[in-house]
Amino acid sequence: MKPVVILAIESSCDETSAAVCIDGTIASNIIATQQIHEQYGGVVPELASRAHMQHIVPTVQAAMEEAGMDGSQISGVAFTQAPGLIGSLLVGAQFAKSLSLAWQVPLLAVHHMQAHVLANLLLENKPTFPFLCLTVSGGHTQIVLCKSPLDMQVLGETIDDAAGEAFDKAAKLLGLPYPGGPLIDKYATEGNATAFKFAKPNVPDLNYSFSGFKTSVLYFLQQQTQLNPLFIEQNLADLCASVQATIIDILLQKIVKAAKQTGVKNICLAGGVSANKGLRAAIELYGKKYHWQTFVPPFEYCTDNAAMIAITGYYKFLENKFSPLQTGVEARAVW
Ligand code: KG4
Ligand code: ZN
């Protein structure tokens, strides 16, 4: 039988990515990261759209070449439809539509957050259904119950900042450049996680909040630097370790609750923050304590990438969930 070959494009934020997946196995996953935003301390939407315009052709070409594919072998074209920056999404969407039209193959609109969850299906040792997924990125924090590839339910999510934002904002207060999450991770390895205590929110159900935590870091640092202007410099590793431990604790308490409520013991991580070494170690530790099977995708499938769009597009293709060419893009997308 002819293999199902999906070309996928991801352009929701500041990564232009293209991937090819053959019968559910990734054959290429090219990611062009936009460095330009570093100097502004965050993603500048207008610059992101322009960079996607520059990167999209070589990125797609490289993905096709690496997979050894030409247009005649592609079964469907998948793209990130939502959520994301509108200008960025439009670049990927229009490019995908043009290819779908030129090659006369179905168009597959993919929800970026569903794709983050399904990145776990790219693992060699993948979770069986149902599983719970903690998706933690710069824009989102969600607990998702996944019953089958395309049957998912959001059980809880953040009511203010995302976990990645909490890392990045705390890092900024510590004088670290954007994105500060990976730097907190790096310095935390040499610090004492119990050196300082920061506020943990009391939010009902399976929802999250990080605004109180962020304010407590701000006030604490203001107080301490008034007494000793070198406080941050002298305590950077301990501060990073304590910040990281607090965020991880906030995240995992709700996963424990979700696992108890649902009885599901397959627990997955997804999103850029799942690159965090402390979080990876903690989920494994919790797994032993609560008898969970835990799953964490490799780093290149945790941050924004088209491989996760390709695998989601593949399952949509199998179920004939095609999208019309007039499909729009959405900044926010409700499930
Ligand atoms: O999923 P992602 O690449 O993009 C979004 O869709 O948001 O996530 C980016 C976020 C940023 O906030 C970044 O600081 C955080 O993931 N991040 C980390 C680490 N690596 C990336 N946070 C903590 N520790 C890390 N190692
Ligand atoms: Zn993402």
Side-chain angles (χ1 to χ4, degrees), residues 8-17 19 29 31-35 37-38 41-43 45 48 79-85 88-89 92 110-120 133-142 144 157-158 161-174 176-189 191 193 208 210 213-214 240-252 268-283 296-309 311-312 331-333:
I9 294 168
E10 153 65 31
S11 70
S12 63
C13 190
D14 59 342
E15 248 100 29
T16 317
S17 181
N29 181 40
I31 304 171
T33 303
Q34 304 176 1
Q35 308 293 353
H37 307 287
E38 260 169 41
V43 177
F79 72 100
T80 304
Q81 190 243 343
L85 302 170
S88 292
L89 289 166
V110 169
H111 192 296
H112 181 88
M113 298 312 293
Q114 288 190 338
H116 267 305
V117 173
L118 294 191
N120 281 282
C133 183
L134 172 64
T135 312
V136 273
S137 73
H140 300 270
T141 299
Q142 290 184 329
V144 177
E157 59 193 330
T158 182
D161 289 348
E165 255 176 307
F167 268 108
D168 295 340
K169 286 181 179 173
K172 196 170 176 189
L173 295 172
L174 295 171
L176 301 173
Y178 176 86
L183 291 169
I184 292 199
D185 190 359
K186 182 177 150 201
Y187 295 123
T189 51
Y208 289 108
F210 288 99
F213 157 77
K214 183 187 62 190
C240 287
S242 303
V243 157
Q244 179 168 298
T246 310
I247 296 175
I248 292 172
D249 199 41
I250 294 171
L251 289 172
L252 292 185
C268 302
L269 279 184
V273 179
S274 51
N276 184 269
K277 289 191 286 294
L279 180 59
R280 283 172 175 252
I283 199 143
V296 187
F299 181 69
E300 65 167 328
Y301 300 148
C302 283
T303 53
D304 287 348
N305 68 87
M308 66 185 194
I309 307 300
I311 190 74
T312 312
R332 293 177 174 277

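We count ligands from 1, going down the list as the structure has it; atoms in each ligand are counted the same way.
No donor-acceptor distance shorter than 3.5 angstrom exists from the side chain of Y187 to the backbone of A241, with no hydrogens or angles considered. Here the side chain of R332 pairs no donor or acceptor atom with the backbone of P83 at under 3.5 angstrom. The backbone N or O of G180 sits less than 3.5 Å from a side-chain atom of D168, completing a donor-acceptor pair. In terms of modelled atom types and a separation under 3.5 Å, the side chain of S137 and the main chain of G139 share a donor-acceptor contact.
Two residues are said to be in side-chain contact when any heavy atoms from C-beta on lie closer than 4.5 Å; V144 and V117 meet this criterion. Between V110 and Q81, the closest side-chain pair of non-hydrogen atoms is not below 4.5 Å. You'll find the side chain of E15 stays beyond 4.5 Å of the side chain of N305, heavy atoms only.
For the pair P182 and ligand 1, a heavy-atom separation below 4.0 Å is found.
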Pair E300-N29, side chain to side chain contact (heavy atoms under 4.5 Å, CB included): steps then yes or no: CA-CA 9 Å; E300 65 167 328; N29 181 40; 3.3 Å; yes
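Applying the 4.0 Å criterion to heavy atoms of D185 picks out, from ligand 1, the atoms 24 (N), 25 (C), 26 (N). Close approach to P179 involves these atoms of ligand 1, each under 4.0 Å from a residue heavy atom: 14 (O). Interface atoms of ligand 1 facing G139, defined by a heavy-atom separation under 4.0 Å, are 7 (O). Here is the list of ligand 1 atoms found below 4.0 Å of a heavy atom in G164: 12 (O). Set against the non-hydrogen atoms of A275, the atoms of ligand 1 under 4.0 Å away are 20 (N), 26 (N). Within the listing of ligand 1, atoms 1 (O), 5 (C), 6 (O), 7 (O), 8 (O) sit less than 4.0 angstrom from a heavy atom of S137.
Considering only non-hydrogen atoms, atom 1 (O) of ligand 1 lies nearest to G272 out of S274, G272, A188, G278. Nearest-heavy-atom check against atom 24 (N) of ligand 1 across T33, I248, N276 picks out N276.
Between D304 and ligand 1, a contact under 3.5 Å exists for at least one N or O pair.
H116 and C302 get closest at one heavy-atom pair: CE1-O, 3.3 Å. In this structure, A270 and N120 approach most closely via the heavy-atom pair CB-ND2, 4.2 Å. The shortest heavy-atom contact between L85 and C13 is CD1-CA, 4.2 Å.
Of the protein's heavy atoms, G181 CA, 3.5 Å lies nearest to atom 22 (N) of ligand 1. Looking only at heavy atoms of the protein, atom 10 (C) of ligand 1 is closest to G138 N, 3.5 Å. The closest protein non-hydrogen atom to atom 14 (O) of ligand 1 is D168 OD1, 2.6 Å. Among protein heavy atoms, atom 15 (C) of ligand 1 sits closest to V273 CG2, 3.8 Å.
Take a cut-off of 2.8 Å around the Zn ion (ligand 2): the protein N, O or S atoms inside it are H112 NE2, H116 NE2, D304 OD1.
Within 6.0 Å of atom NZ in K186, 12 or fewer heavy atoms from other residues, nucleotides or ligands are found, so the atom counts as exposed in its surroundings.
Under the side chain to side chain donor-acceptor pair (under 3.5 Å) criterion, E165 pairs with no residue at all, not counting sequence neighbours.
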